[in-house]
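Contents: one structure, followed by commentary.
These numbers come from the heavy atoms of this one structure, side chains and all, not from hydrogens, waters or symmetry mates. Order of listing sets the numbers, starting from 1, for every ligand and every atom in it.
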Amino acid sequence: MSIQYEVEQLSDSYGVADSFPKDFGYGEEEADIEDSPAPSDSKPRILLMGLRRSGKSSIQKVVFHKMSPNETLFLESTNKIYKDDISSSSFVNFQIWDFPGQVDFFDPTFDYEMIFRGTGALIFVIDAQDDYVEALSRLHLTVSRAYRVNPEINFEVFIHKVDGLSDDHKIETQRDIHQRANDDLVDASLEKLHLSFYLTSIYDHSIFEAFSKVVQKLIPQLPTLENLLNIFISNSGIEKAFLFDVVSKIYIATDSSPVDMQSYELCCDMIDVVIDVSCIYGLKEDGSGSAYDKESMAIIKLNNTTVLYLKEVTKFLALVCILREESFERKGLIDYNFHCFRKAIHEVFEVGVSTPRPAGPQAMGSPCSKAVALNGTPRNTI
Ligand SMILES: Nc1nc2c(ncn2[C@@H]2O[C@H](COP(=O)(O)OP(=O)(O)OP(=O)(O)O)[C@@H](O)[C@H]2O)c(=O)[nH]1
């Protein structure tokens with residue numbers, strides 16, 4: 001079956017977008033791929049590939065369109081490439097292309113060279129609840145083809161639907177898939193091709209965490225952001241800080257202390273609470289206004305002497321921190337340090353924006369080329 005180069009309008013037919021104000025919804029700038037600009041003008045892409053029913057569309061909908069995991073049960077099978085441009089409301093300026101399960105590399109209408117040339121990351125989704133032998137051979141075929149076209153692609157393997165597996169089974173499945181996939185690469189003399197593995201499920205925060213790591217690899221300023229976060233937390237008595245893309249709840253950077261899932265979940269929940277309350281009580285009576293703007297900030301004191309602190313950094317980014325109650329006594333210092341941190345973040349991206357960026361597929365080969373153009377930072381959007 002051939003792949004149609006057609007992009008379907010991502011409608012709000014799932015009924016989830018209505019719960020978000022316009023400023024918070026995703027742009028519907030979908031176009032037929034044939035009509036879209038030449039690859040040299042296209043935005044870097046993240047490809048979602050894998051066998052049928054492995055969960056690709058569900059991942060995209062849950063992470064970027066606020067679909068609840070249970071609603072994905074009603075998703076119909078994808079039979080076209082869905083190109084989802086999330087740049088209008090997200091910090092990261094990329095497109096996500098959701099492929100139908102049955103991509104056929106031998107189909108002459110499928111111009112995989114064009115597709116892989118402009119790709120920043122290829123996510124291959126494997127259903128861990130199913131027999132994965134066929135998925136592994138598809139994975140091998142896909143990554144080896146892609147690597148030959150563009151060795152700069154980050155290859156990411158999501159061992160997905162692990163919610164149905166016991167902890168031991170998860171580890172064993174990951175080890176087995178890792179081993180077999182890498183053995184296949186060695187047999188094909190592709191040792192240099194690096195695969196990263198993640199255990200994911202849409203029923204918990206693991207999918208957001210995995211996507212965060214995929215996106216972070218595409219952000220050239222990541223070391224600078226991490227440094228700034230380290231300086232900020234060490235001077236403010238903060239235990240953990242995340243820089244979040246508010247809409248997707250992907251964290252684009254954190255300080256260098258280890259991330260534990262509970263802290264990450266707590267911060268995600270805080271964003272949800274702030275946005276929900278803001279949507280209900282923060283908009284004007286006629287529904288105008290934005291649920292997230294320059295004034296957005298929140299402090300939540302938990303009953304275990306922990307304080308959560310959220311503040312707007314840019315149009316798309318928020319800083320969310322976890323700290324002890326005693327550290328919060330120096331709130332003035334934290335606010336002042338935040339002010340400096342915010343200014344530094346703006347400077348980092350203003351420099352990034354004013355530096356000319358090579359465009360097009362050639363750019364993907366340069367050191368910064370894997371970088372995704374950053375959207376939340378142009379002067380006019382901050
Ligand atoms: N248990 C579990 N089920 C999931 C998960 N992710 C997706 N699913 C289910 O898997 C089924 C297939 O999901 P889709 O997102 O349609 O799969 P797809 O890979 O896009 O399928 P094609 O469009 O046919 O290529 C749906 O019933 C989802 O609810 C997960 O993390 N855990």
Parallel, tilted or perpendicular: rings of Tyr147 and Phe155 (30°, 60°): tilted

Parallel, tilted or perpendicular: ring planes of Tyr264 versus Phe244, cut at 30 and 60 degrees: parallel

For [X], take its heavy atoms, then give the atoms of ligand 1 lying under 4.0 Å from any of them.
{"X": "Thr72", "result": "26 (C), 27 (O), 28 (C), 29 (O)"}
{"X": "Gln129", "result": "1 (N)"}
{"X": "Leu73", "result": "27 (O), 29 (O)"}
{"X": "Ser54", "result": "17 (O), 19 (O)"}
{"X": "Ser201", "result": "31 (O)"}

Shortest heavy-atom approach to atom 6 (N) of ligand 1 - which of His160, Met67, Met49, Arg53: His160

Audit row: Gln216, Ile250, side chain to side chain contact (heavy atoms under 4.5 Å, CB included) steps and yes/no: CA-CA 9 Å; Gln216 281 168 29; Ile250 280 176; 6.0 Å; no

Does the distance from a Lys or Arg side-chain N to an Asp or Glu carboxylate O, for [X] and [Y], drop under 4.0 Å?
{"X": "Asp272", "Y": "Lys249", "result": "yes"}
{"X": "Lys61", "Y": "Glu71", "result": "no"}
{"X": "Asp167", "Y": "Lys170", "result": "yes"}

Does any N/O atom on [X] come nearer than 3.5 Å to any N/O atom on ligand 1?
{"X": "Ile202", "result": "yes"}
{"X": "Asp163", "result": "yes"}
{"X": "Gly55", "result": "yes"}

Hphob cluster co-occupancy, Leu229 + Leu333, side-chain heavy atoms under 4.5 angstrom: no

